[in-house]
Amino acid sequence: MCGIVGYIGGKEAQSILISGLKRLEYRGYDSAGIVTIDKKAKTTLLRAKGKVAELDSKVATHQTSDTAGIGHTRWATHGEPNKRNAHPHHVGDIYLVHNGIIENYQDLKRTLAKHDYTFKSDTDSEVLTALIDYLYKDASSLLEAVSGALKMVVGAYGIALFSVKNPDEIIIARNGSPLIVGVAEDEVFIASDASALVGYTDRVIYLHDGEIGVCTREGIQLYDVDTQVVEAKVEKLELDLQSIQKEGFDHFLLKEIYDQPNSLRSTLSGRINPQTNSVKLGGLNMSDDELRDVRNIMIIGCGTAYYAGMMAGYFIEQFTDDVSVRSEIASELRYRSFHVPDNTVALIVSQSGETADTLACLEELKRRGVKCLGVVNAVGSTIAREVDGGVYVHVGAEISVASTKAFTSQVAAVTMFGLMVARAKGVSSKDLNTYINELDMLPGEIEAVLERSAGEIQQIAKKYAKYDHALYVGRDTHYPIALEGALKLKEVSYIQAEGYAAGELKHGPIALIDDRFFEVCYLQDNWLYEKTQSNIIEMNTRGAHAIVITDTDKRIAAEEVIRIKTKLELLTPLVFNVVSQLLAYYIAVARGNDVDQPRNLAKSVTVE
Ligand code: AGP
């Protein structure tokens with residue numbers, strides 16, 4: 001997704017803006033730009049297609065001592081990725097950067113053209129810039145012009161802008177695309193993501209939808225869209241510099257895979273207690289009676305978040321006997337006609353807390369009066385602020401576009417919610433003890449896999465990096481893991497990979513198997529062992545190049561067998577998933593891909 005940065009204060013702005021954009025690179029983008037303004041309203045606008053490094057090389061030859069400016073990394077939605085469409089946009093007196101989509105920009109463009117506006121780019125953002133410039137001609141202030149423009153706009157936006165008529169103020173506004181302001185002594189920092197503020201200040205203000213901020217060297221004044229003053233709530237930023245640096249790893253993805261034991265401990269900390277066999281989630285805002293009345297759980301998310309919900313849903317239905325769980329892909333649910341039975345709780349799973357499709361489902365479910373709980377990582381994010389209650393997974397900044405530590409902790413958090421429902425329903429602690437014990441052991445079990453198997457997996461990855469197709473198969477609680485494993489691989493390696501229920505092979509997918517494919521099979525030594533083993537035999541007889549991930553010592557006929565020793569039984573799929581993560585990572589590295597910022601992807605999909 002696009003990234004926004006801004007600064008107004010006493011320091012040299014260009015380096016602050018470039019450093020902020022570098023912090024936002026992980027979100028995915030295809031062009032970048034900054035504009036600064038000096039006290040005499042002289043501006044320096046620099047834009048570049050490609051990486052922030054390209055932009056930085058332009059700064060080197062266009063240095064200024066300006067102390068105010070805005071910057072942007074663009075992930076193309078309207079108009080192809082090139083310099084002409086890069087932000088900041090400049091029309092008349094106005095310079096502007098924008099995240100989001102202006103749905104009615106064509107109508108606005110036609111109206112502005114009648115007032116002699118012409119357009120250099122294909123973007124909706126330039127139209128918004130022109131609209132503000134047009135209204136500013138008759139407005140008493142830039143705030144008034146921005147307010148008037150935003151009332152005419154249909155769509156999502158996060159914007160930062162200034163006018164050359166007043167180089168001492170930057171105006172920001174949000175509706176659907178996050179904006180955070182960092183406040184310090186005589187300076188204000190603006191960003192679309194908290195990671196750009198780390199190291200500058202830990203005092204932040206999260207803008208809410210419909211708010212406009214006027215930022216000056218004295219601070220920020222918030223208004224609603226009718227320019228009525230709104231109180232700004234200063235909060236403490238929980239991120240720190242260490243959490244957004246690679247700390248010696250080659251990529252954030254590998255760092256975050258290795259971070260899982262600790263990030264999972266952080267998710268579980270203070271919430272499960274195997275000694276007392278208890279689970280306690282603060283922040284649900286649900287009484288025991290309300291938990292007891294739960295009969296249906298909807299778990300909603302996109303991508304990895306969706307798979308995490310599906311995975312946890314299997315566990316919840318294992319340890320409850322009157323709760324039905326259904327997992328929903330947010331981008332499907334938001335447009336589908338669906339019914340919500342009585343006694344339903346909706347779990348909204350999202351690492352970023354800003355995913356547009358997931359947020360849209362939350363808003364629809366709230367409209368229907370459904371109790372909505374967030375399972376979110378980004379503190380203060382839109383979803384986190386709009387739910388009725390919820391659980392922060394507390395895994396720290398997840399920088400790599402491919403989600404890993406958040407997945408594991410999302411499964412744990414949703415499972416803990418299910419355990420609380422089960423306890424409230426009187427399910428015996430004996431029946432729940434295994435899940436609580438295994439959750440408690442899980443960080444150590446993941447640590448063991450990372451220590452014992454990473455080298456072996458790296459070697460195997462080199463052998464399979466040459467393939468362009470893969471099939472991931474698993475049964476029961478290994479089916480969501482097969483889906484997630486395939487997503488990890490395709491995201492970072494660009495290998496076409498499908499996750500499939502192993503029992504489905506004979507219903508079509510087995511026709512695919514030939515030398516173009518390799519297969520990953522999850523084979524746990526449990527009640528489905530023989531059934532899954534027969535699937536592997538089916539594939540092998542058709543020339544499969546199968547990698548089997550298993551916890552058994554039994555002889556297995558496959559091209560590669562990765563044996564994982566684990567004390568777990570029920571949560572074994574979450575340990576096998578770490579193998580898939582490492583396999584995807586090392587294959588992507590072997591293929592020379594941009595592992596942390598895969599092509600076409602964004603860390604947080606804040607547009608439809
Ligand atoms: C996962 O590796 C992907 N980056 C993607 O599927 C992601 O999980 C999805 O976009 C949902 O993001 P969220 O958790 O921030 O809502």
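Order of listing sets the numbers, starting from 1, for every ligand and every atom in it. For clarity, every value in this text was computed on a predicted model and none was experimentally measured.
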Are H98 and Y157 an aromatic pair by the rule of ring centers under 6.0 Å? no

Assess whether a salt bridge exists between K603 and E398, defined as any Lys/Arg side-chain N lying under 4.0 Å from an Asp/Glu carboxylate O. yes

Do you know the tightest heavy-atom contact between D440 and P443? O-CD, 3.5 Å

Who's touching ligand 1 if we go heavy atoms under 4.0 Å? C302, G303, T304, A305, S350, Q351, S352, T355, V401, A402, S403, L487, K488, E491

Answer yes or no for R599 and Y494: cation-pi contact, defined as NZ/CZ to six-membered ring centre under 6.0 Å and angle to ring axis within 45°. yes

Cut-off 3.5 Å, side chains only: do T404 and E256 have a donor facing an acceptor? no

In terms of ring plane angle, is the pair Y258 and F249 parallel, tilted or perpendicular, where the classes change at 30° and 60°? tilted

